[in-house]
Amino acid sequence: MKCRVCGKPANINLRSYKTALCEEDFIAFLEKRVSATIGKYRLIDEADRPIVAVSGGKDSLSLWYMMNKLGYVSDGIYIDLGIEGYSERSLEKVRQMADTLRRRVYVFHVRNALQKGIDGVARVIRRPTCSACGTIKRYIMNRVCIDKGYTVLATGHNLDDEASALFGNVLYWKREYLWKKNVVLEGRGEHLVKKIKPFFLCSEREIAAYAIMKGIDYIYEECPYSEGAKTLVYKEMLNRIEESSPGTKIMFVKGYLKMLKEKGDEKEDGRESRYCLRCGYPTFSDKCSFCWLLDKFGTEYDVEFDQYN
Ligand code: AMP
Ligand code: FES
Ligand code: ZN
């Protein structure tokens, strides 16, 4: 197999694009796609101050690296969930990348805030670990932007994440979630920051190849509590379909985005927006889910970040 651009031996075969590329041309190809996504969906303006949510995994570390390389100078935020071993190892990867990029990373330690790791927190509030984890991550990612003046929050969600979530929503016809996924979710003034997913159209395989080619040192392990089961099954199913009909995954997600655009911004949720009386975060009652969680712990704690670099 030869690289379609330069004719040298190819390093990766991209069946969904009916092409094969050498390392150098693949890197350029993927970076071009991300640049195009950022441009087409107006993810980042010149005046913006972006920050990347970095978990230590391949997607978010590659995204942080690529955004800085493409000229979207950005810092990072890492949420230490207090999972023994795994959280320290992930933080180490994040710090390494912060040093490579010479960028700052903010670190929020769940254990400093609540004296327990995420599994202990989940037990106190009687929720599944992943649900407690989601509440804290969403809140803290937003809070760092509000407190430190970042205007856009980027996450490393990739095509496989989006396709499997979409698949699950369609399978069970979860109408309340179905049309909520997008490459960009606009913010709400000083309450909610704009969220972007520049890797929306890049597959997990492509990002893994990019990370390896670029020598990005990431954590291979999955979170021990990763809700896994269902989404992993969907990812596997979609990969099998992709195997026999290359290009299906990207068509599925692009088709969704097209329908979403045609559908326009109909407000499906009749509930009016309200904001937490304590901290200003969007909520459907007087108190947001994070402040509710703090109450459960009987703590007056206010959010603090460690800073690295
Ligand atoms: P996941 O929900 O684990 O698939 O992660 C999706 C995205 O959320 C990642 O690509 C990161 O951008 C972000 N993320 C996940 N875990 C963390 C974490 N502990 N700290 C900061 N960002 C995270
Ligand atoms: Fe949320 Fe592991 S518990 S990522
Ligand atoms: Zn609140």
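All values reported here derive from a predicted model rather than from experimental measurement. Whatever order the structure lists ligands and atoms in, that order sets their numbers, starting from 1.
Looking at heavy atoms from C-beta onward, T100 lies in side-chain contact with M97 at the 4.5 angstrom threshold. W173 has its side chain within reach of V170: a pair of non-hydrogen atoms, C-beta onward, lies under 4.5 Å apart.
Ligand 1 has a nitrogen or oxygen under 3.5 angstrom from a nitrogen or oxygen of K137. Taking only nitrogen or oxygen atoms, main chain and side chain alike, A53 reaches within less than 3.5 Å of ligand 1. Inclusion of M141 in the set of residues having an N or O under 3.5 Å from an N or O of ligand 1 is not warranted.
In terms of protein heavy-atom proximity, atom 9 (C) of ligand 1 is closest to G156 N, 3.9 Å. Shortest contact from atom 21 (C) of ligand 1 to any protein heavy atom: V54 O, 3.2 Å. Atom 19 (N) of ligand 1 has as its closest protein heavy atom I79 O, 2.9 Å. Among all protein heavy atoms, the one lying closest to atom 5 (O) of ligand 1 is H157 NE2, 4.5 Å. The closest protein non-hydrogen atom to atom 17 (C) of ligand 1 is S55 CB, 3.5 Å. Remark: minimum distance from atom 4 (S) of ligand 2 to any protein heavy atom is reached at K137 NZ, 3.5 Å.
Counting heavy atoms closer than 4.0 Å to ligand 1, residue D161 contributes nothing at all.
Taking the six-membered ring where the residue is Trp, Y65 and Y210 present perpendicular rings, their angle passing 60° and hence far from 30°. Aromatic ring orientation, F290 versus Y139: parallel (interplanar angle below 30°, classes split at 30° and 60°).
Applying the 4.0 Å criterion to heavy atoms of S60 picks out, from ligand 1, the atoms 10 (O), 11 (C), 12 (O). When each atom of ligand 2 is checked for a heavy atom of C223 under 4.0 Å away, the hits are 2 (Fe), 3 (S), 4 (S). For ligand 1, the atoms closer than 4.0 angstrom to any heavy atom of T155 are 12 (O). Against a heavy-atom cut-off of under 4.0 Å, I77 is close to the following atoms of ligand 1: 21 (C).
With the Zn ion (ligand 3) as the vertex, SG of C291 and SG of C276 span 110° to the nearest 10°.
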With ring pair (Phe, Tyr, Trp, His ring centres under 6.0 Å) as the criterion, how do F29 and Y17 come out once you've worked through the C-alpha distance, each side chain's angles and the decisive distance to 0.1 Å? CA-CA 11 Å; F29 173 78; Y17 290 90; 5.4 Å; yes

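Of the residues K249, R205, E204, the one that meets the side-chain hydrogen bond (donor to acceptor under 3.5 Å, both in side chains) test with N239 is K249.
The two residues S60 and V52 make their nearest non-hydrogen contact at O-CG1, 4.1 Å.
Counting only heavy atoms, the protein gets under 4.0 Å from atom 12 (O) of ligand 1. Within 4.0 Å of atom 1 (P) of ligand 1, not a single protein heavy atom is present.
At least one test fails for K235 against the ring of F167: distance under 6.0 Å to the centre or angle within 45° of the axis.
The nearest N, O or S atom of C133 is closer to atom 1 (Fe) of ligand 2 than 2.8 Å.
Remark: side-chain polar atoms of E206 are paired, donor with acceptor, to backbone N or O of S203 under 3.5 angstrom. In this structure, the side chain of T19 does not engage the main chain of R15 through any donor-acceptor pair within 3.5 Å.
Checked against the 6.0 Å centroid criterion, the rings of Y308 and Y106 do not qualify as a close aromatic pair.
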